[in-house]
Amino acid sequence: MKRIILSMAIVFGTCAFAQEKKSDTAKTKNIEGVTITKQVFKKQSDRFVYDVAASPVAKGNTTFDLLKQTPLLSSTDDKTLKIAGKNNALIYINGRKSNMDSESLAQFLKNTPAENIQKIEVITVPGSEYQVESSDGIINIVLKKKMSDGLNGNMRMSNTTGKYNGSQASFSANYRKGKLGVSANLSGGENIEAQTYTLRNGTTKTSNESTGDIDDPNKNIGGYLNIDYQLNDKSNLALSWNTWANKSYNSTVNLFNTIKTENGTKYTWSKNKEDARSYNNSVNLNYELKTDSLGSKLNVNAAYLNYKRFQFTDNRTHMSDANMGVGKMTTQLFQDLPQIINNFSGMVDYNQKFKNDLTISIGGNYNKTKTDNDSKNITYSFNPAEVPDSRPNHFIYDENIYGAYLTIEKKLSDKISGKIGARYEITNSLGTSDNAPTDELKRIERNYNNLLPYLSFNYAINDKNNISYSFSSRMRRPSFWEINPVRNILTDDNYTQNNPFVKASSTYNQELTYMFKNSYFLILNHSYIQDAITQVPLQGYPVSPDGTVGPNPVLRYIRTNFGNKQEMSAMVGVQKSFFKQYWTTNFNIGVQHNINNGSLDMDPTTGDRFRNQKGEDIVYTNKTNSTSLLIQTNNTIRLDKKKTWFFGVNYFFVDKQQIELGLLKSLMSLDLSIKKVWNEWTFAVNANDILNTNIVKIEDFQENGNYNYIHQNRYNRNVMVSLTYNFGNQKVKKVRDIEGASDAIKSRTR
């Protein structure tokens, strides 16, 4: 069920806008002397750095809430994070990518106190040394680390009330003794994700409308353990383990269907139930060796990732009438959809620094992944003339990725620096199916090589002005669930279809940034995506390759390569404190222009084509452009001199824009918060989407007369109350950055 919702809610990854936060200037004292630390948003050669260690913004917040208030980051669905102008944001923790699936990661970030964070790094155009895909950016969360021997940590409890009630709790601790440092977190919670859907499609003469509720109960538990040991003055050994488990039993979909044809109107109920659970465990072993006094070092990583998801669905269709009565059952479909992913990864990096401000980096990586998808489904019809239809399918996907990179970074003067590099990747994959409907689906082999260049340039005009430019080329491989050839059933006539024929797409990214006084910025982005991977709605009467025409019109949301697209954005913003830091504001405004150019006339998984009632072939096209206004502001108002009371006002607006599924109507949200800090205790109340305006609406009208409409209310309006307690010695420093070997895999397990 989550896969259905994630697929049909693709719009949550399409809105690009920025938000930012500047924290207070603080003075900290240590034994060596007095150090003045300014908590500002700074531009470095390849990244933006937001130092939040002593900021009152962090106190009492969750990591997810803090990320939403970080410059250039945003979220419209309260589940996924996006960097302005980027396709997706990958989460790194202490330089290592989190290998949790997207849903588990969102829960993990919402359960981790923001007090654990030293700083946040936003890498909008990652260099060749990073294993990222498409136009993905990186959010690196640097956690705090003990400076002196001892123990510190925090505990946090919260309760959220929307349509349903949810609760979360977490415990975090940091310990240091001599050369040994340990940090750990344990968190969990339970909630019910509620949605109300209206799906409408058809023509002027025929239509299919489904409307109703989806309730998805969730119980989560997980955490991390990081152990860092200093072998000697030059070498360190680190072990990290991340784990997360989700249980979602008795998820329900209840949709009332109205099917209008030229022969009359039929009413049915789709009553679906799902039991699902998932487990995500990853371990990374890192060895670091400093080879000289200039900072040259060798990094070696070995990692293992295991992801398991078990999903069982019971989809029932009942006859009904105009009064929405529940009649006898007409069909029942059982689906067993497990997925098991195992990944072994290795990575070696060497950075050589020279005295003339020259750095040469070279490295390689290897990823071996096997996904096992042993799906089973059987359909029972309560028509005595029909026999049960059983369709088991065991799909195994093996993938090997070999990568190597070289980058050269040079500081030409105090003002000018640059970086150039390239990554070469070899991908070999094989998908096999023991019971595919066609011979073509039984064995799908792909082998391709890619050379991916990278270039960046940074010019510090003076202390107040900075300009930078970056270019990168990347591949976007399909997620493992996207190529698993299963159908996720919503109603008898509506379902999503994954596609093992999806091939990797190519993305070319450019970014120009100007910053003034580390407070004002202008960012221009351009991305060109070739063979874009997306979800396309095909509707009408399906015609199989042998000429058989289906008896009823259907709507299939098919994952496929859908032409080319371009995304352009221009963003100006300011982040600044006024009135002696009583008011800190972030204001961003910009425009985004989308150019879509794609068409599809056949279901690539079955070969089916679609016709209307007149027997005319139907082609789905999207060659529409759109320009959208984007506005976001975040404000923190300090209410007293002692810095114990804070009031927050956050707002975003995303104008209507053209996406693959159609025209996405405008979205906006107004959030208010109040926070009280008392010694080591922080009490906070957050009211989110108080105007109830963050609701998704999509419309699409085709020249052939077909239309498609989606209305999705995720009940984003809610109130959250939280209590946080910090204990122990709060003197901390950041941990060393470590990039994990399995970094390239995480984003594809979602």
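In this text the structure is predicted, and so the values were computed from the model without any measurement.
Smallest separation of non-hydrogen atoms from L255 and W269: O-CE3, 3.4 Å. Across every non-hydrogen atom of F501 and N561, the tightest pair is O-OD1, 4.3 Å. The heavy-atom pair separating S429 from N447 by the smallest distance is N-OD1, 4.0 Å. When every heavy atom of N257 is checked against every heavy atom of T491, the shortest pair comes out as OD1-CG2, 3.5 Å. Nearest heavy-atom pair across R477 and I401 is NE-CD1, 3.7 Å. In terms of heavy-atom proximity, A245 sits nearest to Y279 at CB-CD2, 3.9 Å.
Of the candidates T196, N713, T252, N254, T196 is the only one forming a side-chain hydrogen bond (donor to acceptor under 3.5 Å, both in side chains) with D213.
For F395, there are no ring pair (Phe, Tyr, Trp, His ring centres under 6.0 Å) partners two or more places apart in sequence or in a different chain. Under the ring pair (Phe, Tyr, Trp, His ring centres under 6.0 Å) criterion, Y164 pairs with no residue at all, not counting sequence neighbours. The ring pair (Phe, Tyr, Trp, His ring centres under 6.0 Å) check on F344 picks up Y304, with sequence neighbours excluded.
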Practice item. Give the intermediate values and the outcome of side-chain hydrogen bond (donor to acceptor under 3.5 Å, both in side chains) for residues N718 and T160. Key: CA-CA 7 Å; N718 60 67; T160 303; 5.3 Å; no
Practice item. Just do the side chain to side chain contact (heavy atoms under 4.5 Å, CB included) check on T211 and Y197 with the steps written out, would you? Key: CA-CA 5 Å; T211 182; Y197 258 111; over 6 Å; no
Exercise for review: Could you go through the side-chain hydrogen bond (donor to acceptor under 3.5 Å, both in side chains) check for N498 and E482 one step at a time?
Suggested key: CA-CA 5 Å; N498 297 333; E482 290 178 306; over 6 Å; no
Exercise for review: Dump the intermediate steps for side-chain hydrogen bond (donor to acceptor under 3.5 Å, both in side chains) on N159 and S167, then the final yes or no.
Suggested key: CA-CA 4 Å; N159 188 274; S167 58; 5.0 Å; no
Practice item. Evaluate the side chain to side chain contact (heavy atoms under 4.5 Å, CB included) criterion for residues E399 and F480: first the C-alpha distance (whole Å), next the side-chain angles of each, then the deciding distance (0.1 Å), finally the verdict. Key: CA-CA 10 Å; E399 181 184 79; F480 297 119; 4.1 Å; yes
**Study point:** Stepwise side chain to side chain contact (heavy atoms under 4.5 Å, CB included) check, N377 with T313
**Key:** CA-CA 9 Å; N377 61 75; T313 63; over 6 Å; no
Point to revise | Trace of the side-chain hydrogen bond (donor to acceptor under 3.5 Å, both in side chains) decision for S270 with N315 | key: CA-CA 7 Å; S270 296; N315 304 305; over 6 Å; no
Exercise for review: Output, in order, the C-alpha distance, side-chain angles, deciding distance and verdict of side chain to side chain contact (heavy atoms under 4.5 Å, CB included) for R443 and L430.
Suggested key: CA-CA 7 Å; R443 181 181 175 87; L430 175 64; 3.7 Å; yes
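Q497 and R487 form a side-chain donor-acceptor contact under 3.5 Å, judged by distance and modelled atom types alone. Inspection of the N688 and N716 side chains reveals no N or O donor paired with an N or O acceptor under 3.5 Å.
Put simply, the side chain of N694 reaches to within 4.5 Å of the side chain of F652, judged on heavy atoms. In this structure, N499 and I483 have side chains that are not in contact, with every pair of non-hydrogen atoms separated by 4.5 Å or more. The side-chain heavy atoms of R556 and T606, taken from C-beta on, include a pair separated by under 4.5 Å. In this structure, S183 and Y224 have side chains that are in contact, with non-hydrogen atoms separated by less than 4.5 Å. Using a 4.5 Å cut-off on side-chain heavy atoms (C-beta onward), T605 and P485 make no contact. With a 4.5 Å cut-off on side-chain heavy atoms, R476 and I533 count as touching. The side-chain heavy atoms of N286 and V300, taken from C-beta on, include no pair separated by under 4.5 Å. The shortest distance between side-chain heavy atoms of N165 and I192 does not fall below 4.5 Å.
Ion pair K376/D374 flagged as a salt bridge, since at least one NZ, NE, NH1 or NH2 atom sits closer than 4.0 Å to an Asp/Glu carboxylate oxygen. The pair E193-K219 fails the salt-bridge criterion, with no side-chain N (NZ, NE, NH1 or NH2) lying under 4.0 Å from an Asp/Glu carboxylate O.
The 12-atom threshold is exceeded at CE of M475, counting heavy atoms of other residues, nucleotides or ligands nearer than 6.0 Å. Counting heavy-atom neighbours within 6.0 Å of K163 NZ, excluding the residue itself, gives a total above 12. For F256, the CZ atom counts as densely surrounded, since its 6.0 Å shell holds more than 12 non-hydrogen atoms of other residues, nucleotides or ligands.
Judged purely by atom type and a 3.5 angstrom limit, S170 has no side-chain atom pairing as donor or acceptor with the backbone of L186. A donor-acceptor contact shorter than 3.5 Å is absent between the side chain of Q311 and the backbone of Q335. Listed for the N218 side chain is a donor-acceptor partner under 3.5 Å among the backbone atoms of D216. Side-chain atoms of N220 do not come within 3.5 Å of backbone N or O of N246 as any donor-acceptor pair. A donor-acceptor pair is defined here as one N or O able to donate and one able to accept, closer than 3.5 Å; no such pair exists between the side chain of D372 and the backbone of I340. With S375 contributing its side chain and N393 its backbone, the two residues share a donor-acceptor pair below 3.5 Å. Judged by distance alone, the side chain of N484 and the main-chain N or O of V486 form no donor-acceptor pair under 3.5 Å.
In this structure, K247 is positioned above the aromatic face of Y249, its NZ or CZ under 6.0 Å from the six-membered ring centre and within 45° of the axis.
Here N272 contributes atom CG and Q332 contributes atom CD; the two are 10.5 Å apart, rounded to the nearest 0.5 Å. In this structure, CG in N185 is found 11.5 Å from CZ in R156, a value given to the nearest 0.5 Å. Taking CG from N343 and OG1 from T369, the interatomic distance works out to 4.0 Å, rounded to the nearest 0.5 Å. How far CG of L67 is from CD1 of I141: 4.5 Å, rounded to the nearest 0.5 Å. Atom OG in S251 sits 7.5 Å away from atom CG in D275 (nearest 0.5 Å). Considering NZ of K273 and CG of D314, their distance stands at 7.5 Å, rounded to 0.5 Å.
The aromatic rings of Y402 and Y366 are tilted relative to each other, their planes meeting at an angle between 30° and 60°.
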